[in-house]
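The sequence lines fix the lettering, A, B, ..., with proteins before strands; numbering per chain opens at 1.
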Amino acid sequence: MIKYTIRRFITMLFTLFIIATATFFLLAAVPGDALSARAERLPENIKENLYKKYGLDKPTMERYVITMKSMLHGDFGESITYEGQTVSSIIRDKGPVSARLGLQQMLLGVSVGLLLGVLAAIKKGTWIDYLVVTLAIVFISVPNLVFGLLLQKVFGGTLSWFPVIGWPQGDELWFGGWKYTVLPTLTGCFVYIATYARLLKTSMLDVINQDYVLTAESKGLTRGQVIRRHVIRNSFIPVMTQLPMSVAMCITGSFFVENIFSIPGLGLYYVNAVSGRDTSIVLGNTVIIAALYIIVIFITDILYTLVDPRIRIRGGKK
Amino acid sequence: MAELTKERFKKVASDRFDKDVISRPTISYWGDAWRRLKKNPVAMFSLGLLILCVIMTIIGPYIRGLDFVTVNGVKKNLGPSGEFWFGSDSLGRDLFSRVWMGARVSIIVAVVCTAIQIIVGCIYGGIMAYYGGIVDEVMMRILEIITSMPSLLITLLVMMVLEKSVGALVFAMCVTAWCTTARQIRGQIMQLRESEYVMAAECLGASPMRIIIKHMIPNTLSILILNVASSIPSYIFTEASLSFLGMGLDSNSISLGVLISNGRATMDLYPYQLFFPALALCIIVLAFNLLGDGLRDALDPRLRQ
């Protein structure tokens, strides 16, 4: 087990290094960065200093070494478009916004999804089952950007129940200002509802057909007891594997949801940096987002082996 | 010991020879799958809907005979009417023709991407599973590294480097997508490799390439079909999302994503400009997903009761 963890940890570090390197060289190949647009009208010597400041006067390989070194020291670079904004300050300012949105979406989406999944599996073949299955496939087939725009139009525009734009600031950053977060959260959570309802339903139906469930029933347990003690517990394993994927969905989903509702979070900032070709910000943020993603997968992998004994044995042998 | 007498060698009545002939026609795996699919009304409906959509993307842009490319300053932002069935956009172009044109581009992009994903995934996964050992180990590590990154990030970065064009979009979306296919193919082939008929082929001296193409791939077809059914809608999705973020095709080209993104700009005043492209997108994706579900039920023997 410990050997497995260490091996995974080393792979993780190596993966991060590869990602940082690949991103750096990809960005070095970007035609025309934000700096050249900014420096166009400036006198020659200021232009030179500006390039020097961002280290863009040096050859690519030298820049690569310098960037990697400073990343190791926790310095991820400074924005070209907005002077003074560093990657760390952006993460500090915008990270919580995205984190709150993501957490709200996942909590609501996953819990509602699981509930619907259990319902659909227990009431298999009834109208509840069909309703859940139909809703799930509709939710999966409608892109969240269409959902977002629709909600914005109906509840924000026509009915004016919720504000279309804005986000809680200051003291209300984590709690409060709920009216701003309702529509974005709803938009983002549909995909979780659909995924988890479908997933849990299939996996529960799988478990219900197992022999140990038959044994439990023949021992005289009530249906509720069987479902609670045997079926639900065992059908949660595929759900656990889906969770790290959901974090990925959350990160990439935030690009769209934040864009639709103009939420000042990481996703919106990242997309703007990409379209503005703000290379140093893109590099830093890519590495950080990728790191976050990889670490989450690493942790869930380890937790997963702890929870499911069958995998622990296999992992231990390796 | 029984004695061999003459009457022991009498001719047997010939009708006894066909006793073991199977009188019912044998149903092949594919025939069976097709039969199951035909019984599923939802899947057949979505198949019909898809065929209709594909026909419409071919002839749809020309039904009205209107020019949907050049700007028409006089007839802009007209609501749905007899002349413009879906209305006209902010530059006076017929939205009905544009929606089908956009759907054509979106579907073609999705199909090309899926083809690339399947081909690359098959070759990579096949090689990985067939050779095993160190080759497998190294190739698996590469896969792990690629899949451990959010794929949209890679797509965005690649789009940032390349100029906006259909080719660049296809490339950017395919960069990471083949990994899942490769992994599934590897798993399936690992199972097949142990089977007797592959051993027989090896004993007869078939080359590795021949075994992969002739024996492995036909047996992994059902996985591939399911892969196609789930990949096409997700590519249509990704294209629309990227164009929406302004990172996909540029706003002069026509695709569903571009139309939605243009429609969003005028959403408050002319909602139908957003509604029709979004509706077309949803219907196409929904039809693909429903058909994919039906195919899964038809093709996966484990789901049968």
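Interface summary for chain A: among B:Leu286, B:Val285, B:Ile146, the most heavy-atom pairs under 4.5 angstrom belong to B:Leu286. Comparing B:Val42, B:Ile154, B:Leu156 by how many heavy-atom pairs each has under 4.5 Å with chain A, the most go to B:Leu156.
B:Leu290 touches chain A through backbone and side chain together, each having a heavy atom under 4.5 Å away. Only the side chain of A:Val271 has a heavy atom closer than 4.5 Å to any heavy atom of chain B. Within the 4.5 angstrom heavy-atom criterion, no atom of A:Leu150 approaches chain B. Contact of A:Val282 with chain B is made through the side chain alone, with heavy-atom distances under 4.5 Å. Interface remark: A:Ile18 contributes side-chain atoms only to the contact with chain B (heavy atom separation under 4.5 Å). Of the two parts of B:Ile260, only the side chain, counted from C-beta on, holds a non-hydrogen atom closer than 4.5 Å to a non-hydrogen atom of chain A.
Residue A:Phe25 places its CZ atom among more than 12 non-hydrogen atoms of other residues, nucleotides or ligands, all under 6.0 Å distant. Counting heavy-atom neighbours within 6.0 Å of B:Phe171 CZ, excluding the residue itself, gives a total of 12 or less.
Taking CG of B:Leu245 as the start and CG of A:Asn259 as the end, the distance is 5.0 Å to the nearest 0.5 Å.
In this structure, the side chains of A:Leu149 and B:Phe244 come closer than 4.5 Å at one or more pairs of heavy atoms.
Contact detail for B:Leu153 and A:Ala290: the closest heavy-atom pair is CD1-N, 4.4 Å. Counting all heavy atoms, side chain and backbone alike, B:Leu157 lies closest to A:Tyr270 at CD2-OH, 3.9 Å.
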Inset, instruction - In sequence, state the C-alpha distance, the side-chain angles, and the governing distance for B:Arg141 and A:Thr15, and then conclude on side chain to side chain contact (heavy atoms under 4.5 Å, CB included). - result: CA-CA 9 Å; B:Arg141 282 294 99 74; A:Thr15 309; over 6 Å; no
